[in-house]
Amino acid sequence: MRIDRAELRQVELPLVFPFETSFGREEIKACLLVRLFADGLEGWGEVPAGTAPLYNEETVGTAWHVLEAFVLPAVLGREIAHPAAFPPLVRHLRRHHMAKAGVEAALWDLHCQRERISLATALGGTRDRIEVGVSLGIEPTIDRLLTRIEEFLGRGYRRIKVKIKPGWDVGVVRVIRERFGTIRLQVDANSAFTLEQAEVFRQMDEFDLLLIEQPLGEDDIVDHAALQQQLRTPICLDESIITPDDARKAIGLGSCRIINIKAARMSGLTAGRATHDLCRASGIPVWCGGLLETGIGRAANIALASLPNFLLPADLSSSDRYFHEDVIDPPVVLNSDSTITVPSTPGLGFAVKTKRVERCTMRKEIYSSR
Ligand code: OSB
Ligand code: MG
């Protein structure tokens with residue numbers, strides 16, 4: 001397909017409730033949306049970078065610059081036979097994985113519409129429903145967190161993830177276990193601890209967590225290996241795994257026993273799938289993480305999570321966990337068995353509500369191939 005035109009938007013959607021992690025608090029979801037036009041079709045992709053470089057080094061501002069100046073010029077006016085042909089076109093551009101992933105996602109959407117297949121089918125998905133959980137932020141008090149957990153268990157979520165940071169850690173886990181018994185529970189530190197604080201995790205070991213996500217430095221797979229040696233609970237890496245090669249090294253060192261795959265963090269669905277395949281061959285289970293995506297980003301994540309080695313519940317919740325009104329139709333809904341149905345219709349499997357997108361748009365630019 002020949003890419004005729006690209007549209008870039010910065011959008012902002014208010015979150016239903018604020019989301020606080022060890023690195024900060026978000027009340028509004030900000031991201032970029034990429035829309036590509038080719039062969040009379042349009043494809044959508046999301047760049048889930050926020051306003052500040054807190055989860056990783058990218059922001060909506062850096063992504064906009066890199067897309068406008070480097071990534072979009074690499075695809076505009078070009079004939080692209082398959083989305084997997086895109087990563088080589090931008091390989092010389094160092095990092096900026098989320099910016100690249102947004103364009104790749106839009107190419108996958110276009111490709112699947114043209115081939116009249118679902119994104120899940122195109123990626124090699126094998127499931128028509130995926131198990132999901134909910135990721136809950138740090139709250140002002142433990143009581144407020146317990147109320148949230150109760151609410152989401154009541155809505156049917158059967159796996160809870162809670163964010164932790166120094167001082168909001170093993171004590172919180174203990175109270176959750178006392179209150180809710182043997183629910184499936186996991187924690188995510190977003191790199192807030194150091195190896196000197198290993199005692200916190202040794203204490204957590206007795207609470208039968210599914211996993212401990214990214215306890216230590218985002219760039220440190222050596223200390224993670226040392227920590228994993230001291231624990232029964234699997235460590236799961238998120239921020240540390242940027243390429244399939246990172247996964248190979250972390251597995252080889254014993255830095256983790258589980259990997260969280262977010263295609264956007266890893267420069268796109270092709271790299272996300274390659275990481276899935278590598279982990280599968282190494283006997284390492286993966287699961288699909290999230291970055292509070294709008295429906296556009298979440299639709300791509302749902303498709304990816306239908307691959308066979310996604311063996312733990314995903315951080316993909318229903319649209320109403322995030323937004324009063326999503327940008328896709330129908331919204332993502334939770335089935336009564338704590339699953340989300342993988343769409344089988346062509347492309348993303350959801351229609352983009354362009355009027356809703358328009359209302360959320362803070363900035364918009366159109367780029368043409370001469
Ligand atoms: O580390 O998994 C994370 C949200 C923003 C930044 C980082 C993370 C998260 C989540 C949210 O945990 C998961 C979701 O999208 O529901
Ligand atoms: Mg995480």
Side-chain angles (χ1 to χ4, degrees), residues 13 15-31 46-60 97-98 101 130-139 145 148-149 152 155 157 159-165 185-193 209-218 224 234-242 246 250 256 258-266 272 286-302 304-305 310 312-323 326-327 331-332 334 338 340:
L13 282 79
L15 290 168
V16 175
F17 55 89
F19 187 67
E20 186 173 327
T21 62
S22 61
F23 58 67
R25 183 180 165 92
E26 281 177 275
E27 298 191 14
I28 294 174
K29 155 78 184 176
C31 67
E46 176 166 338
V47 178
T51 45
L54 300 174
Y55 167 73
N56 73 357
E57 69 280 14
E58 295 184 79
T59 71
V60 286
H97 301 282
M98 288 182 181
I130 56 167
E131 264 199 282
V132 304
V134 67
S135 171
L136 297 173
I138 294 162
E139 293 286 344
L145 177 61
R148 275 265 185 261
I149 294 173
F152 280 92
R155 288 199 208 177
Y157 290 94
R159 188 280 272 152
I160 302 289
K161 160 170 146 181
V162 295
K163 294 290 185 176
I164 56 168
K165 65 178 179 181
L185 184 65
Q186 62 192 58
V187 295
D188 186 358
N190 289 106
S191 289
F193 294 83
L209 300 175
L210 289 174
L211 56 88
I212 296 169
E213 186 175 345
Q214 197 70 40
L216 310 179
E218 78 282 356
H224 276 110
I235 288 179
C236 166
L237 292 177
D238 173 353
E239 283 90 332
S240 292
I241 309 298
I242 303 301
D246 290 340
C256 63
I258 296 174
I259 286 179
N260 166 327
I261 294 187
K262 295 175 183 170
R265 182 191 74 220
M266 310 195 68
V286 305
W287 59 287
C288 184
L291 291 163
L292 309 176
E293 282 89 348
T294 75
I296 290 172
R298 202 158 43 259
N301 290 345
I302 291 169
L304 184 62
F310 281 84
L312 290 102
D315 267 355
L316 297 170
S317 306
S318 56
S319 292
D320 63 5
R321 177 258 173 268
Y322 307 98
F323 312 113
D326 207 336
V327 299
V332 175
L334 185 74
S338 196
I340 286 175

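Atoms within each ligand, like the ligands themselves, are counted from 1 in listed order. Side chains included, hydrogens not; waters and symmetry mates left out as well; all remaining heavy atoms used.
- Across every non-hydrogen atom of Ala305 and Leu316, the tightest pair is CB-CD1, 4.3 Å.
- Only protein N, O or S atoms were scored, and 3 of them lie under 2.8 Å from the Mg ion (ligand 2).
- Under a cutoff of 6.0 Å and an axis angle of 45°, Arg148 and Phe17 form a cation-pi pair.
- Of the N and O atoms on the side chains of Ser318 and Tyr157, at least one donor lies less than 3.5 Å from an acceptor on the other residue.
- Within 4.0 Å of ligand 1, protein heavy atoms come from Phe19, Phe23, Tyr55, Ser135, Lys161, Lys163, Asp188, Asn190, Glu213, Asp238, Lys262, Gly290, Leu291, Leu292, Asp315, Tyr322.
- Without hydrogens or angle criteria, His224 side chain to Gln214 main chain gives no donor-acceptor distance under 3.5 Å.
- No option in Asn190, Asn56, Asn260 other than Asn190 meets the side chain to side chain donor-acceptor pair (under 3.5 Å) test with Glu239.
- For residues 286-298, the salt bridge (charged side-chain N to carboxylate O under 4.0 Å, His left out) pairs, not counting sequence neighbours, are Arg298-Asp326.
- Between Glu218 and Arg265 there is no salt bridge, since no side-chain nitrogen of the basic residue lies less than 4.0 Å from a carboxylate oxygen of the acidic one.
- Checking side-chain atoms of Ser191 against main-chain N and O of Leu216 turns up a donor-acceptor pair under 3.5 Å.
- Under the side-chain hydrogen bond (donor to acceptor under 3.5 Å, both in side chains) criterion, Tyr322 pairs with no residue, sequence neighbours left out.
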